[in-house]
Amino acid sequence: MANEHRKEDAAAAGRIAGPAPLPIVLRVNGETRELMVEPRTTLAEALRGPLGLTGTKIACNHGVCSACTVWLDDLAVASCSVLAIEVGERRITTIEGLAGQDRLHPVQAAFIDYDAVQCGFCTPGLVMSCAALLARNPRPDRKEIETAISGHLCRCGTYPHVVQAMLALGTREEPDLE
Amino acid sequence: MEPFAWQPAASPSEAASIATHTTAEAMLTLTGRPDTQQAMLIKAGGVDLLDLMKEGLVNPGRLIDISRLPDLDGISGEPDGGVRIGALATLARIAAHPALQQSHAALSQAAALAASPQIRNRATLGGNLLQRPRCWYFRSAAHHCLRKGGAHCFAFPGDNRYHAVFANQGCAIVHASTPATALAAYRAEVELADSAGHRRRVPLADFFVLPQADMHRENTLARGELLTAVWLPPQKPDCRAQYLQIGERAAFDWPLAAVAAVLDMDGTGHCRQASIVLGAAAPVPWRARQAEALLAGARIDSATAAAAGEAALAGATPLSQNAYKLPLLAALVRRAVLSAAAIDTVLPANPGAP
Ligand SMILES: Cc1cc2nc3c(=O)[nH]c(=O)nc-3n(C[C@H](O)[C@H](O)[C@H](O)COP(=O)(O)OP(=O)(O)OC[C@H]3O[C@@H](n4cnc5c(N)ncnc54)[C@H](O)[C@@H]3O)c2cc1C
Ligand code: SF4
């Protein structure tokens, strides 16, 4: 316990850390994980590297494509534009932490039902944005869904099916498939 | 990104006292090769600063993180009806703030249209106002342009389709901040604090600088100063506002043209006073004074709105590739005036609005 405090203090107010690697603690998907990062390590890099959570994708690395979307507490953020060292006590949720023990998150199931996945590279990020929307708004309308996914680039063009999957979750009815 | 050290600030004055440069100062080099390892720079949400660092445009030796400082992110109504927005308030919170949506609708609309939901959840208002320009030559490490200390502007002979159509002599950036267009229309002020805790308030119009005044920075933020808040003056009860923008994509892109209109209506369809500010048009939020003069005292109808749109273009000096912005700006002014005055427009008011 004393040890853990010392590690968290490494990034505490007033203290200068780095540029050499230093130990930090992250709360990821309900677990407390210790890892070494440099101050320049982004959250996306920390997740995919030392933490081995490769569901989070890095494509543009500039906040433009949103493939790296995770939650900080309840907020969807681009983890390429967050430094691991600044996360602190906030809860991180990644695509790996979304499903229950033996069942998919409803958004994941709906993506399968409505064929909202093609090559799949942008899918983890899209699912995280959709699940964040659903958590604060159980019945989003088309406009709200379109806004929630507006930061995502999907080169396969899955957007219409993503919207249909989300509409279906909100209404529990079959939306028209054009 | 090059390695850097990390220091979470304990207080605003500590952050102001440690910072050795503004980001603009640190990016100014004679050689085009930033060797700024000694620079200690302020970081808020980090969206712009990390972006510049990833491109190698600035390599600070230390980041002073202000993003977790308490009490700098409040949005509070003042007794006089004005609003104070702490510098660390995120664009997402500003966009969703119910009282602001009522009192200063054009600001909520502009904040909601800036960037993506993910970025809005991180981007702070202070950092947004202080972000560096998006000119693609400026953002390219291979182009050592005037604004970075070089000898040439690449935009004039080059690709200037996204550049300024007003006040574009020397350097033709457009101001990158979407909320700034609305803030300027409300005649907002920024609050700046130094390391001794002294605070000064500066009208946004004086805070932003044109290239003619200083080619190397977009604002008068001084080294050792922190932007602590933005102040919105109280609105007259009959003030109505509309922010509109148009871009290549409906969502999630810097606009090609934007306008914020604030009209003080007299209840009989006449406008007592108008504030019209153009975005993505000039190196600073661009006040369309001739349009304002035309609207003051006028009855608002489609003819006056269209005339205001034309008047807003007075003094424009488009470049080789961006004259297309002029009809966009004129149309946006016309629509924003009609929409603010609650006169229905035929066209959809805000194609990109969430
Ligand atoms: C894909 C994408 C799309 C975007 N689209 C838009 C758009 O449409 N419209 C728009 O307006 N913006 C847009 N942006 C830009 C984004 O809004 C800004 O990068 C962001 O607001 C910067 O805020 P920040 O808190 O992250 O600032 P930081 O990156 O932390 O800081 C920015 C600068 O300000 C300085 N600084 C920050 N806060 C303070 C302070 N309080 N006092 C003194 N100095 C300070 C820093 O030193 C740095 O130089 C977009 C960004 C991306 C990645
Ligand atoms: S417009 Fe300004 S920022 Fe862009 S290349 Fe010219 S001098 Fe540089």
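Being a predicted model, the structure only gives us computed values, none of them experimental. In what follows, every chain begins at residue 1, and chains take the letters A, B, ... in the order their sequences are listed.
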Highest number of heavy-atom pairs under 4.5 Å with chain A among B/Met53, B/Glu2, B/Arg249 belongs to B/Glu2

Quick one: are B/Lys54 and A/Cys80 in side-chain contact, heavy atoms under 4.5 Å?
yes

Notebook entry, point to check: So do the side chains of B/Leu130 and B/Ile42 get within less than 4.5 Å of each other, counting heavy atoms only?
Noted result: no

Honestly, the part of A/Ala148 sitting under 4.5 Å from a heavy atom of chain B is backbone

Cut-off 4.5 Å, heavy atoms of chain B, and the answer for A/Glu146 is neither

Turns out that what part of B/Ser67 lies under 4.5 Å from chain A's heavy atoms comes down to side chain

Only one of A/Arg27, A/Arg90, A/Arg91 passes salt bridge (Lys or Arg N to Asp or Glu O under 4.0 Å) with A/Asp73, and that residue is A/Arg91

When A/Ser81, A/Ser129, A/Ser79 are each screened for side chain to side chain donor-acceptor pair (under 3.5 Å) with B/Gln118, the one that passes is A/Ser129

Turns out that what part of A/Thr69 lies under 4.5 Å from chain B's heavy atoms comes down to side chain

Scored by heavy-atom pairs under 4.5 Å with chain B, the best of A/Thr42, A/Thr41, A/Leu72, A/Asn61 is A/Asn61

Okay, A/Leu133 and chain B: the region with an atom under 4.5 Å from a heavy atom over there is neither

Would you indicate whether the side-chain heavy atoms of B/Phe154 and B/Ser140 approach each other to under 4.5 Å? no

Note to self: For the residue pair A/His62 / B/Glu55, report whether a side-chain donor-acceptor contact shorter than 3.5 Å exists.
What the structure shows: yes

